[in-house]
Amino acid sequence: MIARTIVDVPAAQTDRLFDYIIPDHLEEIVRPGMRIVVPFGPRLIQGFVIEVVQESDVQKLKSIEEVLDPTPVLTDELLTLGEWLAEQTICFRISAYQAMLPAALKTAVTKELHLLTELNELHPYLQPLFKEKRTILWKDAVDALAGHLKHVRNALDQGQLAVHYVVKEKGKKKTEKWIKLADSADETKVKENAHKQRELLLYLKQQDKALRSQEVLSATKTTRANLKALIDKHLVVEWEQETYRDPLQGVEYKQTPALPLTDEQQQVFTPISESVLNNQSETFLLHGVTGSGKTEIYLQTIEQVLNQGKEAIMLVPEISLTPQIVARFKARFGDEVAVMHSGLSTGEKYDEWRRIHRSEVKVVVGARSAVFAPFSKLGLIIMDEEHEMSYKQEDMPRYHTKEVAIKRANYHQCPVILGSATPSLESYARAKKGVYTLLSLKHRVHNRPMPTVEIVDMREELRAGNRSMFSTSLMEALKTRLERKEQSVLFLNRRGYSTFVMCRDCGYVPQCEHCDISLTYHRSNHSLKCHYCGHEEAMPSVCPECEGEHIRFFGTGTQKVEEELTRVLPEARVIRMDVDTTRTKGAHQKLLDAFGHGEADILLGTQMIAKGLDFPNITLVGVLAADAMLHIPDFRSGERTFQLLEQVSGRAGRHEQPGEVLLQSYTPDHYSIQLVTEHNYEGFFDYEMAQRRTAEYPPYRFMALITVSDPDLPNVIEKSQKIADYLKRTMSKETVVLGPVVSPIARIKDRYRYQCMIKYKNEPRVIEALQQILRHYLRDTTQGNLQISLDMHPYFFM
DNA sequence: AGCACGCCGACT
DNA sequence: GTCGGCGTGCTC
């Protein structure tokens with residue numbers, strides 16, 4: 001039998017199947033989707049079995065070295081999905097499969113040197129290496145010998161040394177020690193005066209069941225030595241048992257029953273429920289205003305899926321995967337829920353994955369990668385906040401979670417729910433065309449009103465002589481809230497500003513010497529750092545250009561806002577939430593809890609407070625710079641602005657008291673800001689769609705981004721021009737090929753960057769053409785320094 | 001991606 | 001003559 005295998009070498013030349021003989025004793029074991037270790041050239045590497053066949057065309061076959069899994073880690077569905085993903089995103093198949101599995105399952109291969117003879121027979125030069133052990137790491141030998149590797153070669157030739165390749169799994173299964181009384185316990189073996197041992201024994205007798213060793217020791221206040229004595233006397237047996245790390249250990253969740261649905265919710269629930277019951281692969285777009293109770297619909301739909309004996313995936317953007325949302329799912333579904341997000345350690349992720357893999361849970365709540373959860377009876381996929389950009393993976397494979405979700409739902413014949421208060425134009429357009437089924441929740445639950453939104457023209461403020469970052473209206477509103485003991489949220493949109501450094505005398509801005517990008521000021525060690533390559537330098541005290549002393553960091557950071565806030569409103573208690581204050585584990589939740597308990601009057605924060613925040617006492621939301629990202633040169637900047645403003649507005653007045661929103665802006669007439677005052681998504685959609693149509697942007701067109709880079713500038717220019725020419729020749733007349741132009745970031749890590757963009761509509765051969773380009777420049781990319789990176793349906797144009 | 005093989009210059 | 005530099009090509 002032959003195992004057709006994808007090997008763990010992410011390179012163009014190895015992106016195909018390699019055949020291996022399945023040894024007789026493994027024939028009953030090896031199945032598609034398992035990880036195996038195979039000889040590849042002179043070394044050992046990991047691979048995935050894709051299929052098992054009878055024969056191979058290859059003459060000289062090698063055998064599988066080792067099987068890593070007792071059961072397949074990839075189902076047939078996921079194997080096929082990986083193939084599709086690799087094709088759609090133009091990446092290596094191995095990269096697609098790796099993306100579907102927790103990092104713990106990725107193996108590392110280490111090369112080792114093993115001593116076969118006696119130490120003194122070895123060349124004196126090599127002897128120190130093997131003084132302590134007979135096996136050393138190859139890497140250590142290279143480091144120690146630096147250029148004198150010929151001695152190793154000689155020793156290898158003479159058979160004194162041997163090279164071993166060791167494949168190690170990264171993830172470890174956690175084990176716990178358990179104990180119980182031995183069947184035939186002869187108590188007379190315990191001496192009279194061994195009180196502690198007797199105590200321990202008595203405790204075990206009373207409990208009369210298997211217990212965790214650790215728990216018994218702490219309950220009886222005895223030490224491991226006492227236990228060890230009993231084990232040695234065969235009075236107690238101890239064994240290791242596999243267990244899971246519990247990221248939510250110690251947290252108790254009260255079971256909560258389903259809430260009654262409002263009429264509007266019921267109208268939305270019915271069609272989804274029918275789709276679930278009829279096993280229909282249908283995509284719903286649930287457009288529900290903030291506070292309309294989308295989550296309750298998700299919960300009740302999932303319940304129905306579970307009642308059918310099926311499983312559900314609940315996707316949320318990483319940023320809103322807070323303990324609050326997790327708690328809500330745990331409270332409804334208890335132990336049937338697994339959680340997957342970046343905050344978990346490698347081991348924790350591995351354990352959650354295993355609980356899914358073994359069908360011990362029925363629901364997974366997770367970010368992007370949870371879409372690959374290895375369920376076999378999938379009954380529903382929900383994608384909350386479907387417009388969020390974090391659903392697009394930015395490194396290989398550059399997939400969009402929505403496309404994967406729909407593909408999987410298709411396979412399992414189950415529905416997908418895309419939920420949002422501000423759907424992406426792509427999704428809403430598809431819903432209007434009837435590709436997705438549009439469902440709307442236009443009202444907040446209990447008929448609570450939407451918050452009133454007012455725009456403050458900051459130009460007028462400036463004209464009136466107010467140079468601070470708080471307008472008069474915002475100050476007044478904040479003061480009122482303080483008097484009424486209500487809470488406020490201040491939102492600072494930092495994107496578009498960053499904490500760059502500038503000389504006030506000559507305008508000089510320090511740039512990274514390897515990347516054409518401004519350096520960012522880091523307060524912690526008073527240094528300047530490059531976000532792209534990590535280059536770091538000291539903050540200059542005088543301007544390197546004009547030697548002026550007025551060089552300082554710019555940009556309105558949250559710290560600066562906080563400083564000014566405490567100056568103008570000294571009586572206000574402020575909680576600041578940004579990357580700095582939420583760096584440590586659990587800090588995020590702590591700050592939110594504190595705010596929820598009324599320990600502060602004002603919550604000041606960045607992006608991260610735009611979502612999921614639900615506190616009854618918030619009656620004011622202030623946005624300091626509503627237009628901050630409007631001027632980013634990206635065709636989606638208007639859409640993002642509207643979405644963000646609508647989301648933050650939604651934080652106000654979610655309960656009894658009505659909410660008020662103040663948007664400070666220098667461009668108050670822009671439609672992305674104006675339409676928020678009416679909470680008019682439809683109006684925004686129509687306006688923005690008209691713009692997209694004229695400019696031929698998505699959703700009217702698809703896009704692909706090709707970035708070419710090389711340390712040699714002329715080569716980049718030449719190759720990107722040739723690529724653009726080729727595309728212009730090959731693509732149909734309707735397709736627009738833009739570029740080549742210099743990338744927005746012209747240089748990263750000393751590599752010059754140019755890019756081309758394709759805007760196309762009906763072009764069945766785009767992927768083929770792009771693959772052809774990669775093939776054509778294979779020499780330049782593998783042997784030269786050229787890099788060509790492809791992004792289908794890009795979200796970032798850097 | 002590694003790693004070996006092979007061809008060329010530099011040096012014992 | 002041999003050692004080691006790097007370009008070229010293969011890995012079931």
Side-chain angles (χ1 to χ4, degrees), chain A residues 1-24 26-27 30 32 34-68 86 90-99 103 106-114 123 125-126 137-143 145-158 161-168 170 395-397 710-712 715 774-789:
Chain A
M1 297 277 265
I2 305 295
R4 312 210 71 203
T5 307
I6 289 281
V7 293
D8 187 11
V9 182
Q13 293 107 311
T14 49
D15 188 30
R16 58 193 175 85
L17 294 168
F18 286 86
D19 295 355
Y20 287 92
I21 295 166
I22 303 175
D24 291 346
L26 292 177
E27 253 183 35
V30 175
M34 283 182 181
R35 294 172 307 146
I36 53 173
V37 175
V38 290
F40 197 66
R43 60 213 168 108
L44 291 179
I45 52 166
Q46 195 208 116
F48 289 97
V49 179
I50 303 301
E51 50 177 345
V52 175
V53 293
Q54 292 294 330
E55 282 170 55
S56 168
D57 301 334
V58 183
Q59 296 306 307
K60 42 181 177 47
L61 290 174
K62 291 185 184 174
S63 289
I64 293 176
E65 185 77 18
E66 192 186 337
V67 180
L68 292 172
I90 317 187
C91 74
F92 307 127
R93 283 181 69 178
I94 189 67
S95 311
Y97 292 132
Q98 299 286 20
K106 203 176 147 81
T107 54
V109 184
T110 47
K111 191 176 178 180
E112 294 176 351
L113 264 180
H114 191 69
H123 190 283
Y125 209 93
L126 297 174
L137 294 176
W138 173 265
K139 197 174 139 289
D140 291 345
V142 172
D143 290 349
L145 297 170
H148 295 84
L149 276 174
K150 63 175 176 197
H151 298 302
V152 175
R153 181 145 310 187
N154 287 341
L156 284 169
D157 289 343
Q158 290 171 33
L161 295 178
V163 170
H164 286 181
Y165 287 87
V166 183
V167 180
K168 279 203 187 83
K170 285 194 179 150
D395 35 48
M396 297 241 261
D710 194 298
D712 180 39
N715 195 37
L774 290 184
R775 267 198 302 277
H776 186 261
Y777 289 108
L778 196 60
R779 260 235 154 66
D780 303 76
T781 49
T782 54
Q783 285 163 28
N785 286 312
L786 193 73
Q787 271 179 20
I788 303 172
S789 95

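So that the names make sense, note that chain A is the first sequence line, chain B the second, and so on, each numbered from 1.
Atom CD of A:E55 is surrounded by 12 or fewer heavy atoms from other residues, nucleotides or ligands within 6.0 Å. Counting heavy atoms of neighbouring residues, nucleotides and ligands inside a 6.0 Å radius, atom CZ of A:R779 does not exceed 12 of them.
For the pair A:N785 CG and B:dA1 P, the computed distance is 12 Å after rounding to whole Å. Nucleotide C:dC12 holds its P atom 15 Å from the CG atom of A:D8, rounded to whole Å. Across the protein-nucleic acid pair, A:F40 atom CZ and B:dG2 atom C1' stand 10 Å apart, rounded to whole Å. Rounded to whole Å, the distance from CD1 on A:I6 to P on C:dT11 is 16 Å. One atom, CD1 of A:I45, and another, C1' of B:dA1, lie 9 Å apart when rounded to the nearest Å. Rounded to an integer number of Å, the gap from A:Y165 OH to B:dA1 P is 17 Å. If you take CZ of A:F48 and P of C:dC12, they are 19 Å apart, rounded to a whole angstrom. Rounded to an integer number of Å, the gap from A:D15 CG to C:dC12 C1' is 15 Å.
Remark: side-chain polar atoms of A:Y97 are not paired, donor with acceptor, to backbone N or O of A:G47 under 3.5 angstrom. Between the side chain of A:S56 and the main chain of A:V58, a donor-acceptor pair closer than 3.5 Å is present.
If you check every strand for non-hydrogen atoms under 4.0 Å, A:F92 touches nothing. The residue A:Y20 sits close only to the backbone: its heavy atoms come under 4.0 Å of sugar-phosphate atoms, none of a base.
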What pairs of nitrogen or oxygen atoms, one from the protein and one from nucleotides 6-9 of chain C, lie under 3.5 Å apart?
| residue | atom | partner | partner atom | Å |
| --- | --- | --- | --- | --- |
| C:dG9 | OP2 | A:R779 | NH2 | 2.8 |

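When all heavy atoms of A:L44 and A:Y165 are compared, the pair lying nearest together is CD1-O, 3.3 Å. Summarising the geometry of A:C91 relative to A:D15, their closest heavy-atom pair is O-OD2, 4.2 Å, with the distance given to 0.1 Å. In plain terms, the two heavy atoms of A:V52 and A:I22 that are nearest each other are CG1-CD1, 3.8 Å.
If you check residues 59-68 of chain A against DNA chain C, the residues with a heavy atom closer than 4.0 Å are A:K60, A:L61, A:K62, listed by number.
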Report task. Any chance you could lay out the side chain to side chain contact (heavy atoms under 4.5 Å, CB included) test for A:I45 and A:V38, step after step, and finish with the verdict? Result -> CA-CA 6 Å; A:I45 52 166; A:V38 290; 4.2 Å; yes
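Between A:R43 and B:dC3, a side-chain N or O to OP1/OP2 separation shorter than 4.0 Å is absent.
Atom CG of A:D57 sits about 10.0 Å away from atom CD1 of A:I2, to the nearest 0.5 Å.
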